[in-house]
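Written below as structure tokens is the structure these notes are about.
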Amino acid sequence: MSQQDNFSEIEASRAQKITDLRQQGLEPYPPRAERSHTNAEAIAAFEAVENAEQADPIEATLVGRIRSLRDMGKIIFAHIEDGYASIQLFLRANELGEERLSFFRDHYDLGDFVQASGSLFRTRTGEISLQVTDFTMLAKAISPLPAAKDEEVDGEIVRHAALTDPETRYRQRYADLAVNPEVREVFRMRAGIVRALRAFLDQHDFLEVETPVLQSIYGGAAARPFVTHHNQLDQDLYLRISFELYLKRLLVGGIERVYEIGRDFRNEGVSRKHNPEFTMLEFYAAYMDYQQVMDFTEEMLAFTAREVLGGTKLSYQGHQIDMGVDWPRLPLGEAIAEFSGIDINQHSEANDLAQAMRAKGYEADLKETRGKLIDDLIGSQVEPRLIQPTFMYDYPREISPLAKASLEDAKIVERFEGFMGGFEICNAFSELNDPLDQEARFQEMGRAYEADSDEHHPMDEDYLRALRYGMPPAGGFGLGIDRLTMLFTDRASIREVILFPHLRQREE
């Protein structure tokens with residue numbers, strides 16, 4: 001069955017216009033276009049000379065998608081939108097002739113990409129417009145965009161977008177971007193966030209690198225991996241769940257400051273904060289500890305906010321957040337006690353902690369490890385209450401197999417997580433660099449968790465070999481780019497800030 005068999009009446013009519021154009025020797029999808037100015041540049045150029053006494057008319061060739069059409073008989077008004085701005089086209093029989101004006105009327109529709117040449121002027125209603133002397137089709141849109149219409153109200157174009165259903169928007173992001181300009185701004189801001197983070201790290205002498213996405217042993221986090229198979233090698237491989245173990249190998253190799261920005265993949269549940277593939281920043285710095293990384297994080301995120309937002313304050317889901325202040329630092333045990341009413345230091349055994357949680361009305365699986373129960377308390381009772389930027393530090397050893405133990409208490413590790421807007425955005429350690437301790441941690445994790453558990457961390461012999469050569473003391477850090485973008489753009493769901501989020505497959 002061909003596409004045309006499923007065309008609606010409107011699509012069939014537009015497809016016929018493609019045939020008509022080609023019969024007239026005109027290609028509706030030409031290989032090249034010309035453009036002298038973006039629409040924004042054209043408007044700025046006209047405004048710059050508008051009041052000059054002897055300024056020459058500004059000639060321009062502009063391109064864009066037709067967003068509105070208004071046929072006045074001898075005159076057609078159309079707004080075209082490129083990636084920068086919208087501008088009005090003024091097509092009049094006096095300049096084009098009746099035949100050319102009728103040709104435009106008969107062959108051009110909303111959504112088509114066009115190229116138009118002429119001179120800029122301001123209409124009697126005050127709108128800067130292009131008085132068109134020539135035009136050509138750049139791409140014929142067969143399907144109309146899912147937008148009701150663009151309406152002119154008091155000289156301004158008001159867009160009434162019909163594409164508001166979230167799932168349709170995510171499945172057809174191309175249409176979402178085309179009809180909802182504010183969505184394009186989300187992803188421009190996302191790109192700005194990445195640029196700012198990269199600039200900050202580059203300024204602080206970090207080296208950006210790339211590490212393997214396909215790994216023979218996954219590690220660096222507690223998560224279930226995706227498994228694939230290499231046919232030539234007849235070997236199962238894993239999509240990485242973290243960059244950590246490879247980046248720390250580089251510390252062994254003498255690269256003292258290193259970072260990577262890229263995709264991780266975790267075969268776990270989806271939620272407003274989770275997507276199976278997501279973008280992370282990880283950096284590792286020799287001779288830093290987790291306290292110094294806290295200071296560095298404050299500085300880096302305040303810099304990023306200033307670069308992207310123009311200041312350190314933002315609004316997220318009705319909360320005013322200031323990233324320019326010193327972040328409160330809460331010991332994990334104290335934070336859990338404050339927000340849940342449970343002193344985890346009084347419950348050293350998993351079953352005992354689970355019973356205490358149940359006594360408070362919290363869900364607790366009696367078969368879970370103590371570390372997993374503590375993690376559940378953080379997620380359900382502490383995290384949602386941390387709206388302002390906050391560090392929570394000193395985590396239990398059993399849920400932090402790659403972090404260095406505290407000198408004061410061997411059951412605690414030098415780890416912190418950063419929270420904002422009611423969710424975690426970053427995670428950091430004083431990195432464990434004792435190869436014997438690291439091997440014991442891997443073995444301990446292997447005993448505590450089943451092989452198919454999300455918390456299971458496999459033994460990585462090559463990483464242990466690297467540590468035996470000696471790794472300097474170091475601070476490591478991971479930041480979720482998607483979650484930071486949620487905060488900066490005031491979006492409640494991670495799917496709003498990922499161009500093509502994963503969705504359950506459905507029949508077309």
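Both backbone and side-chain heavy atoms feed into the values below; hydrogens, waters and symmetry mates do not.
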> Do the side chain of Arg249 and the main chain of Leu245 share a donor and acceptor less than 3.5 angstrom apart?
Replying inline: yes
>> Ring centres under 6.0 Å, that's the criterion: do Phe200 and Phe296 meet it?
In response: yes
>> Quick one about Gln291 and Asp295 (side-chain donor to acceptor, distance below 3.5 Å, no hydrogens or angles considered), yes or no?
In response: no
>> So which atom in Asp322 and which in Gln388 form the shortest heavy-atom distance, rounded to 0.1 Å?
In response: N-OE1, 3.4 Å
> Roughly how far, to the nearest 0.5 Å, is the CG atom of Leu138 from the CD atom of Gln115?
Replying inline: 5.5 Å
> Is the closest side-chain heavy-atom distance between Leu96 and Phe135 below 4.5 Å?
Replying inline: yes
> Got a salt bridge between Arg22 and Glu27, using NZ or NE/NH1/NH2 to carboxylate O under 4.0 Å?
Replying inline: yes
> Is the shortest heavy-atom distance from the side chain of Phe187 to the side chain of Leu177 under 4.5 Å?
Replying inline: yes
> Is Arg266 close enough and on-axis enough to Tyr218, meaning under 6.0 Å and within 45°, for cation-pi?
Replying inline: no
>> Given 3.5 Å as the limit, does a donor-acceptor pair link the side chain of Arg329 with the main chain of Tyr393, or not?
In response: no
> Looking at Arg14 and Lys140, what are the two nearest heavy atoms and their distance?
Replying inline: O-CE, 4.1 Å
>> With rounding to the nearest 0.5 angstrom, report the CD1 to CZ distance, Ile261 to Phe243.
In response: 8.5 Å
>> Tell me whether Glu185 is salt-bridged to Arg188, with the criterion being a basic N under 4.0 Å from an acidic carboxylate O.
In response: yes
>> To the nearest 0.5 Å, what is the distance between CG on Asp165 and OH on Tyr170?
In response: 9.0 Å
> Leu251 and Glu431: side-chain contact (heavy atoms from CB on, under 4.5 Å), yes or no, with the steps?
Replying inline: CA-CA 11 Å; Leu251 295 179; Glu431 297 296 337; 5.6 Å; no
>> Are Phe90 and Ile75 packed together at the side-chain level, in the sense that at least one heavy-atom pair is separated by less than 4.5 angstrom?
In response: yes
> In Å and rounded to the nearest 0.5 Å, what is the CG to OG1 distance from Leu309 to Thr489?
Replying inline: 9.5 Å
> Please walk me through it: do Asp106 and Asp20 pass side-chain contact (heavy atoms from CB on, under 4.5 Å)?
Replying inline: CA-CA 10 Å; Asp106 294 341; Asp20 294 343; over 6 Å; no
> Is a side-chain N or O of Arg415 found less than 3.5 angstrom from the main chain of Asn427, in a donor-acceptor match?
Replying inline: no
>> Could you check whether Tyr284 and Tyr259 have their ring centres less than 6.0 Å apart?
In response: no
> Which atom pair, heavy atoms only, marks the closest approach of Arg67 to Ala178?
Replying inline: NH1-O, 3.6 Å
>> Restricting to non-hydrogen atoms, name the atom on Met323 and the atom on Ala305 that form the minimum distance, rounded to 0.1 Å.
In response: SD-CB, 4.2 Å
> Taking everything shown except Gln24 itself, do over 12 heavy atoms lie less than 6.0 Å from its CD?
Replying inline: yes
>> Please check this pair: side chain of Asn231 against backbone of Asp234, looking for a donor-acceptor N/O pair closer than 3.5 Å.
In response: no
> Which is it for Phe391 and Phe416 under the ring pair (Phe, Tyr, Trp, His ring centres under 6.0 Å) test, yes or no, and what are the steps along the way?
Replying inline: CA-CA 6 Å; Phe391 291 126; Phe416 76 80; 4.9 Å; yes
> Near Asn94 CG, under 6.0 Å, is it more than 12 heavy atoms from other residues, nucleotides or ligands?
Replying inline: yes
> With a cut-off of 6.0 Å (strictly less than), are more than 12 heavy atoms of other residues, nucleotides or ligands near OH of Tyr84?
Replying inline: no
> Does CD1 in Ile10 sit with more than 12 non-hydrogen atoms of other residues, nucleotides or ligands closer than 6.0 Å?
Replying inline: no
>> For Ala196 versus Phe303, what's the shortest heavy-atom pair and its separation?
In response: O-CE2, 3.3 Å
>> So does Val183 get a backbone contact from the side chain of Asn180, meaning a donor-acceptor N/O pair under 3.5 Å?
In response: no
> Do Glu282 and Ser242 have side-chain atoms, one donor and one acceptor, less than 3.5 Å apart?
Replying inline: yes
> Are the side chains of Asp326 and Glu298 in touch, meaning some heavy atoms are under 4.5 Å apart?
Replying inline: yes
>> Tell me whether the count of non-hydrogen atoms from other residues, nucleotides or ligands lying under 6.0 Å of CD in Glu99 goes above 12.
In response: no
> Under 4.5 Å between any side-chain heavy atoms of Arg491 and Val186, yes or no?
Replying inline: yes
>> Working to the nearest 0.5 angstrom, can you tell me the gap between Ile128 CD1 and Gln88 CD?
In response: 11.0 Å
> Pro144 versus Leu110: any side-chain heavy-atom pair under 4.5 Å?
Replying inline: no
>> Under a 3.5 Å distance rule, please check whether Thr485 uses its side chain to pair with a backbone N or O of Ile481 as donor and acceptor.
In response: yes
> Run the salt bridge (charged side-chain N to carboxylate O under 4.0 Å, His left out) check on Asp176 and Arg173 step by step: do they pass?
Replying inline: CA-CA 5 Å; Asp176 184 31; Arg173 184 68 87 185; 2.8 Å; yes
>> Centroid separation under 6.0 Å, is that true for the rings of Phe206 and Phe283?
In response: yes
> Can you tell me if CD on Glu210 sees more than 12 non-hydrogen neighbours from other groups inside 6.0 Å?
Replying inline: no
> Counting only N and O atoms by type, is there a donor-acceptor contact under 3.5 Å from the side chain of Ser86 to the main-chain atoms of Glu81?
Replying inline: no
> What's the spacing between Met420 CE and Leu487 CG if we round to 0.5 Å?
Replying inline: 6.0 Å
> Quick one: does Met137's side chain get under 4.5 Å of Lys17's, heavy atoms only?
Replying inline: no
> Are the side chain of Arg240 and the backbone N or O of Arg263 linked by a donor-acceptor pair below 3.5 Å?
Replying inline: yes
>> side-chain contact (heavy atoms from CB on, under 4.5 Å) for Trp327 and Leu301? Distances and angles first, verdict last.
In response: CA-CA 11 Å; Trp327 296 27; Leu301 293 183; 3.7 Å; yes
>> Would the distance check show the side chain of Glu95 and the main-chain N or O of Asp134 forming a donor-acceptor pair, the cut-off being under 3.5 Å?
In response: no
>> Taking Glu277's backbone N and O only, do any of them form a donor-acceptor pair with Asn275's side chain (distance below 3.5 Å, no angle check)?
In response: yes
> Between Thr279 and Arg190, is any side-chain donor less than 3.5 angstrom from a side-chain acceptor?
Replying inline: yes
>> Looking at Arg32 and Glu34, is there a salt bridge between them, counting it only when a charged N and a carboxylate O are closer than 4.0 Å?
In response: no
> What is the minimum heavy-atom distance between Ala42 and Leu62, and which atoms define it?
Replying inline: CB-CD2, 3.8 Å
>> Go through it in stages, so that I can follow the logic: the residues are Val213 and Leu239, the test is side-chain contact (heavy atoms from CB on, under 4.5 Å), and I'd like the CA-CA distance, side-chain angles, deciding distance and then a yes or no.
In response: CA-CA 6 Å; Val213 174; Leu239 295 180; 4.1 Å; yes
> Are any non-hydrogen side-chain atoms of Tyr316 and Asp490 less than 4.5 angstrom apart?
Replying inline: yes
